[in-house]
Amino acid sequence: MKSTPLTKADRELVLAARGALRADMNPRRHGVGCAIRGESGRVYVGVNVEACGYGPCAEPIALGSAIAAGERRFESVVAVVPRGKGAEVLSPCGNCRQLFLDYAPDAWIIVRDGKREFKARAKDLLPAAYRSGFAVKAGNRAGRNGK
Ligand SMILES: [Zn+2]
C-alpha cells in the first residue's frame, strides 16, 4: 500500500474530528469523531452513536451529513479518539473501508499503523475488496445511483 505523509490541511482535519467530540457528550456513547473534507473544501463532522445491538461508526454519520448538504466528491477523511486535549488517529474498520471504497475510492483516508500516521487512497485500503453494486467508479461522483 502506498502511504503518503500528512499535510497541514490533514492535521486541521484531525482537529476538526476532535472538535466533533464535545465535553458534554457521554464518552461511552460517543467516543469517536470523524471529519470529512469535501471537494468544495467544506468539512463535515460526525460522531459514533453507540446503542444496544447496533452503533454506527462516526464515518458513515459524517459521510451522510456531507451528502445531505449536497457534497458528492470527497477529498479526505479522518476518524479520531480523544487523547487528553488532543486526538489520536483511528484507522477505519473494515465496514468503513468498504463504505469509502463504495462512495469515495479516490479519497485520502488518514490512518494509523502503530505510532505512524499517514494517508492512503480508500481504494488501496481494502485489497481484493468486494465490489458492490453501490460502488462509484474512481473519479465518479457519489450522487444519484452512484453516478
Ligand atoms: Zn467503522
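Whatever order the structure lists ligands and atoms in, that order sets their numbers, starting from 1.
Salt-bridge annotation for Lys2 and Asp124: absent, with no side-chain N of the basic residue lying under 4.0 Å from a carboxylate O of the acidic one. Salt bridge status for Glu50 with Arg29: absent, with no side-chain N to carboxylate O gap under 4.0 Å. A salt bridge links Arg11 with Glu117; the closest basic N to acidic carboxylate O contact falls under 4.0 Å.
Hydrophobic clustering keeps Ile61 apart from Ile67 (ILVMFWY residues linked when any side-chain heavy atoms are closer than 4.5 Å, directly or through intermediates).
In this structure, the separation between SG on Cys57 and CG on Asn95 is 6.5 Å, given to the nearest 0.5 Å.
The set of protein atoms (N, O or S) found at less than 2.8 Å from the Zn ion (ligand 1) reads Cys57 SG, Cys93 SG, Cys96 SG, by chain and number.
Relative to the ring axis of Tyr44, Arg42 does not place its NZ or CZ within 45° and under 6.0 Å from the centre.
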